[in-house]
Amino acid sequence: MIRIARYDDDLIFTTPRDSLSDLIDHLRFCTSSAFSRELLISRHGVAPADAKKRAQRVGAHMRTALDFIDQALASRAEVAAIGCYYAVLNLAKCYVLASAQANALNSRMLHGLSYKTYAKESHNLVTEELDVHANGVIPTLYSVVTGSEIPKRTIKMGDVYPYILDTGTEWTIATQEPQRLATLTFEVRATAQGYQVPFVSVRAPLGRSYTIKSLRLLDGFGFRKMRGSGGGFIGPTNLNTIPDETQLFRKHVNRHLLYDSVGTQAITPLSGGSLLLPQELPLMLAFYHLSSIQRYNPEFMEKLKDSKFWPLVIALQWHGLQKFALLTWSYLQQRNVLVNPRAGL
């Protein structure tokens, strides 16, 4: 089996504290212009003169993000999502500033989402809706991560929460539905003809079917179902011996759609729609939505507090914030940041 993750290299640290506390400390390094400048040059290939200017802006947004994290952690659950959202919004701007699309922040940029507070009478969290627009901070983040333009659409929150990995238990308890995520393993196999082929084994939640179209991770690389494999897909054949199996897979999967990679197993969303779902996007959608409710729709907030989804909301405001901090530090480092990883990595 081969371990495939979003980035080529790992950055591992262990801690006896909760990992969010350490991630906050690590992100705080980016409030230093000198540190951010070196990071932009060494990890993102930014020219030194440009890196100096960008580093000052990264520092400003990082300080703002950390202030909002502090605010969120000190807030009651009924209002904590406001701080969470503005924290991840500023972390998203740090992504953009480290990318080739940094100039997009030179002019005023809207969020890229909208919530029609009283447009419909929602019965619960999953029937709530957001409108996704073509321009704004969140669409730009989407482009930075995926390399594609975000499709305009209306999305139900019931199609967002099943993709938030770190609140999967709460989602399943509340809805009696599994998450829409598949577990993958990667290996190279020899065919009967002696060809070396990349092979991906897929384990989906019980009762959830999938096709190559719903596995966007493999989309566009010539994978097809392998007969008799019990749910596996093979990629294009290679007549020669493959010198580096890991590099083969890195070139034949959409790695921005890899969620956590633990050992030789990785997780990816099952979604056949036009909207790609890198791990950052469901988190941003959920935080934007909750912060909008907390600011503009207190009547629905009261309904939500009395619902089976309230534990899910509380879990998101901790675990989702922690995950977005981890994703940001990984992106800025261009390495898979692993906290207290299991043995065997």
Side-chain angles (χ1 to χ4, degrees), residues 5-15 17-73 83-112 136-147 255-256 278-281 283-284 287-288 320-339:
R6 182 182 281 194
Y7 305 104
D8 291 351
D9 301 316
D10 295 333
L11 178 61
I12 298 173
F13 72 89
T14 59
T15 177
R17 304 192 297 170
D18 68 89
S19 57
L20 179 56
S21 296
D22 276 338
L23 285 166
I24 290 169
D25 288 342
H26 295 178
L27 288 170
R28 204 177 304 280
F29 280 101
C30 292
T31 63
S32 160
S33 295
F35 181 89
S36 291
R37 177 179 179 275
E38 290 305 313
L39 195 65
L40 291 170
I41 293 170
S42 63
R43 291 290 170 181
H44 297 270
V46 179
D50 192 18
K52 183 177 181 180
K53 297 175 184 176
R54 291 199 211 179
Q56 294 175 339
R57 303 179 71 186
V58 168
H61 287 291
M62 186 61 73
R63 275 188 288 273
T64 302
L66 296 176
D67 286 344
F68 275 117
I69 289 175
D70 288 344
Q71 175 185 306
L73 296 178
C84 289
Y85 173 67
Y86 282 103
V88 300
L89 182 70
N90 279 278
L91 293 176
K93 291 180 180 181
C94 292
Y95 272 73
V96 176
L97 287 167
S99 76
Q101 300 187 48
N103 288 339
L105 293 179
N106 288 346
S107 57
R108 181 172 179 266
M109 184 176 285
L110 300 176
H111 300 262
V137 175
I138 294 168
T140 304
L141 171 69
Y142 179 94
S143 177
V144 167
V145 174
T146 68
R255 287 200 284 164
H256 54 269
Q279 209 167 174
E280 291 89 346
L281 185 62
L283 290 169
M284 292 222 67
F287 279 133
Y288 177 86
L321 191 59
Q322 177 175 286
K323 176 51 65 69
F324 207 94
L326 180 70
L327 291 168
T328 303
W329 190 229
S330 295
Y331 178 79
L332 293 174
Q333 289 284 343
Q334 288 292 289
R335 292 183 282 186
N336 308 297
V337 177
L338 306 173
V339 185

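FYI, the numbering just counts along the sequence from 1.
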Taking the side chain as C-beta and beyond, is there a heavy-atom pair between Ser36 and Gln56 under 4.5 Å? no

Which is it for His256 and Tyr142 under the ring-ring contact (aromatic ring centres under 6.0 Å, His included) test, yes or no, and what are the steps along the way? CA-CA 10 Å; His256 54 269; Tyr142 179 94; 8.6 Å; no

Point-to-point distance, once rounded to the nearest 0.5 Å, from CG of Leu327 to CG of Leu283: 7.0 Å

Would you mind reporting whether Val88 and Leu141 have side-chain heavy atoms less than 4.5 Å apart? no

Euclidean distance, His61 NE2 relative to Arg63 CZ, rounded to 0.5 Å: 10.5 Å

Any heavy-atom pair between the side chains of Lys93 and Val58 that's under 4.5 Å? no

Just verifying a value: how many Å separate Ser143 OG and Gln101 CD, rounded to the nearest 0.5 Å? 3.5 Å

Is it true that a side-chain atom of Asn336 and a backbone atom of Asp9 form a donor plus acceptor pair closer than 3.5 Å? yes

Give the C-alpha distance, both sets of side-chain angles, the deciding distance and a yes or no for side chain to side chain contact (heavy atoms under 4.5 Å, CB included) between Gln334 and Tyr331. CA-CA 5 Å; Gln334 288 292 289; Tyr331 178 79; 3.5 Å; yes

Within the side chain of Arg37, is there an N or O that forms a donor-acceptor pair under 3.5 Å with the backbone of Ala51? no

Within-4.5 Å side-chain heavy-atom neighbours: Leu40 and Lys53: no

Where at least one partner belongs to residues 21-31, residue pairs that pass side-chain hydrogen bond (donor to acceptor under 3.5 Å, both in side chains), sequence neighbours excluded: Thr15-Asp22, Arg17-Asp22, Arg17-Asp25, Asp18-Ser21

Nearest 0.5 Å, please: how far is CE in Met62 from CZ in Phe35? 9.5 Å

Can you tell me how the ring of Tyr95 sits relative to the ring of Phe324, calling it parallel under 30°, perpendicular over 60° and tilted otherwise? tilted

Got a second to check how far Thr328's OG1 is from Lys323's NZ, nearest 0.5 Å? 11.5 Å

